[in-house]
Amino acid sequence: MLAQTNHIPKSRVEEMLDLVGLSAVALQLVGNFSLGMGQRLGIAEALLGDLACCVRRADQRPRY
């Protein structure tokens, strides 16, 4: 649903599900996912967006 409302191609969704190891359960209801599967799904959802805002260089110091 997130992908549909944001016009993200199905191929990109499949790529992210494969990346987090959820491609085998892609057609299952999310309510049946374990806690770890739900967390991986959240990571996949975050990666669907703009990767530049999600990835920080390892040598950057956080600003407080």
Side-chain angles (χ1 to χ4, degrees):
M1 201 158 146
L2 172 73
Q4 289 176 339
T5 58
N6 290 302
H7 308 289
I8 298 171
K10 185 177 178 182
S11 61
R12 176 80 175 148
V13 174
E14 292 169 352
E15 179 185 356
M16 292 302 101
L17 288 175
D18 188 48
L19 181 69
V20 298
L22 292 176
S23 56
V25 295
L27 299 178
Q28 289 185 15
L29 296 175
V30 176
N32 295 331
F33 281 13
S34 67
L35 176 62
M37 291 168 73
Q39 291 172 335
R40 288 187 282 158
L41 182 61
I43 292 169
E45 288 175 347
L47 292 174
L48 281 175
D50 184 11
L51 289 179
C53 74
C54 296
V55 178
R56 180 194 272 279
R57 286 184 27 199
D59 62 346
Q60 283 183 318
R61 292 181 173 258
R63 297 180 185 172
Y64 297 106

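In what follows, residues are counted from 1 in the order of the sequence shown.
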Just distance, no hydrogens or angles: give the donor-acceptor pairs under 3.5 Å from side chains in residues 25-40, sequence neighbours left out.
residue: Ser34; atom: OG; partner: Met37; partner atom: N; Å: 3.2
residue: Arg40; atom: NH1; partner: Val20; partner atom: O; Å: 3.2

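How far CZ of Arg12 is from CG of Leu47: 7.0 Å, rounded to the nearest 0.5 Å. The line from CD of Glu15 to CG of Leu48 is 9.5 Å long, rounded to the nearest 0.5 Å.
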